Every structure is written in C-alpha cells, then in structure tokens.
Visitor: 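For reference, the structure I am asking about is given below.
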Amino acid sequence: QVILVESGGGSAQSGGSLRLTCVASGYTHSYRNYCMGWFRQAPGKEREKVATSNIQGTTDYANSVKGRFTISRDSAKSTLYLQMNSLQPEDTAMYYCAAQYFSCSGSPPYWGQGTQVTVSS
C-alpha cells in the first residue's frame, strides 16, 4: 500500500508561485519504478492530469500548465514536487499526488489526500 502525503498548498496572488510536495511511503517496489503524477480538481469540474514523471524520468504536462509548472522527483527522499509559477485564478483547485507502479497509463491506484491551491486575481 503506497501512502502519499501532500503539502505546500495555500493561497497566492495571480502571477505568484507555490511549490507542492508529495512524500511517498509504504511502497513495495523501488520508488524509482513508480510513475508519479499531479492531478487537480476544481469545484464542479472533472479531475484532470497536471503533470507526470515516468520511470525513465520523462515528464509530461497538461497544455494549460506547460511553461509555468515543473514536476520533479527526488528518489533518495521518495518525494515528488510541483513548482507552480505564474499562477492564474484558473489554477485554483484541489491538487492530488498519485502513484502507479511502472506505467503512467490509466488511472493511478494510489492517491494522496489532496492540498488546496487558491489563486486570487
């Protein structure tokens, strides 16, 4: 059972920055063998993928955040990060960390509890 704990959410002004952190524990395989990702869900909207980092270290981003957000991982600390710059009000959402063994395809089976990000104009 993979346990994911997010932190770092909060409030920011439009144009500001926040960094989210996700610490993983309880995984059976090496942390390096998990696809890790950030997802978000705004009120009344579907959950959407924000960014993923696969086991080769390749990253992928939603078009809406490309050039503004950066996903990174520190395998020694079993920690995933999301650096969010140039925040906009439409980035307001609950952000979730997710993990899936080996593949980034489909819906991840492991989720954190979420951390709220609120951006005001």
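In this text the structure is predicted, and so the values were computed from the model without any measurement.
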Visitor: Hey, does Arg47 have a side-chain heavy atom less than 4.5 Å from the side chain of Ser107?
Guide: yes
Visitor: Is there a path from Val23 to Leu80 through hydrophobic residues (I, L, V, M, F, W, Y) whose side chains come within less than 4.5 Å of each other?
Guide: no
Visitor: Do Thr52 and Thr58 have side chains that approach each other closer than 4.5 Å (heavy atoms only, starting at C-beta)?
Guide: no
Visitor: Ring-plane angle category for Tyr110 and Tyr34, please: parallel below 30°, perpendicular beyond 60°, tilted otherwise.
Guide: perpendicular
Visitor: Taking all atoms of both residues into account, what is the closest heavy-atom pair of Ala51 and Leu82, and its distance?
Guide: CB-CD1, 4.4 Å
Visitor: Would you call Ser78 and Ser25 a side-chain contact if the rule is heavy atoms closer than 4.5 Å?
Guide: no
Visitor: Look at the side-chain heavy atoms of Ile, Leu, Val, Met, Phe, Trp and Tyr, link any pair under 4.5 Å apart, and say whether Val2 and Val5 land in one connected group.
Guide: no
Visitor: Is there side-chain contact between Cys97 and Trp38, with heavy atoms separated by less than 4.5 Å?
Guide: yes
Visitor: Which of these, Asp91, Thr115, Thr92, sits in a side-chain hydrogen bond (donor to acceptor under 3.5 Å, both in side chains) with Arg40?
Guide: Asp91
Visitor: In Å and rounded to the nearest 0.5 Å, what is the CD1 to CD distance from Ile3 to Gln113?
Guide: 11.0 Å
Visitor: Please report the shortest heavy-atom distance between Ser14 and Ser121, naming the atom on each side.
Guide: CB-CA, 4.0 Å
Visitor: Do Tyr96 and Val119 share a hydrophobic cluster (ILVMFWY, side-chain heavy atoms under 4.5 Å, transitive)?
Guide: no
Visitor: Is there side-chain contact between Phe39 and Pro108, with heavy atoms separated by less than 4.5 Å?
Guide: yes
Visitor: Between Gln100 and Ser103, is there a donor-acceptor pair closer than 3.5 Å when you use the side chain of the first and the backbone of the second?
Guide: yes
Visitor: Verify the distance criterion only: is there a donor paired with an acceptor across the side chains of Asp74 and Thr79 at less than 3.5 Å?
Guide: no
Visitor: Taking the side chain as every heavy atom from C-beta outward, state whether Tyr81 and Ile71 have any pair of such atoms under 4.5 Å apart.
Guide: no
Visitor: What's the separation between atom OH in Tyr61 and atom NZ in Lys49, rounded to the nearest 0.5 Å?
Guide: 11.0 Å
Visitor: Give a yes or no on whether the backbone of Glu46 and the side-chain of Glu48 come within a donor-acceptor separation of less than 3.5 Å.
Guide: no
Visitor: In this structure, would Leu4 and Ile55 fall into the same cluster of hydrophobic residues linked by side-chain contacts under 4.5 Å?
Guide: yes
Visitor: Compare all side-chain heavy atoms of Glu6 with those of Trp111 and state whether any distance is below 4.5 angstrom.
Guide: no
Visitor: Which pair of heavy atoms, one from Arg32 and one from Ser75, lies closest together, and at what distance?
Guide: CG-OG, 3.6 Å
Visitor: Kindly compute the distance separating CG (Asn33) from OG1 (Thr28), expressed to the nearest 0.5 Å.
Guide: 11.5 Å
Visitor: Group every Ile, Leu, Val, Met, Phe, Trp and Tyr by side-chain heavy-atom contacts under 4.5 Å, then state whether Met94 and Val50 land in the same group.
Guide: no
Visitor: Locate the shortest heavy-atom distance separating Met36 from Ala99; write the atom from each residue and the value.
Guide: SD-CB, 3.5 Å
Visitor: Should the pair Arg73 and Tyr31 be classed as cation-pi, given the thresholds of under 6.0 Å to the six-membered ring centre and 45° from the axis?
Guide: yes
Visitor: Give the C-alpha distance, both sets of side-chain angles, the deciding distance and a yes or no for side-chain contact (heavy atoms from CB on, under 4.5 Å) between Ser17 and Gln83.
Guide: CA-CA 7 Å; Ser17 299; Gln83 178 65 44; 4.0 Å; yes
Visitor: Between Asn54 and Gln56, what is the shortest heavy-atom contact and its length?
Guide: OD1-N, 3.0 Å
Visitor: Rounded to the nearest 0.5 Å, how far does CD of Gln116 lie from OG of Ser11?
Guide: 8.0 Å
Visitor: Can you see which heavy atom on Ala42 is nearest to which on Ala93, and at what distance?
Guide: N-CB, 3.8 Å
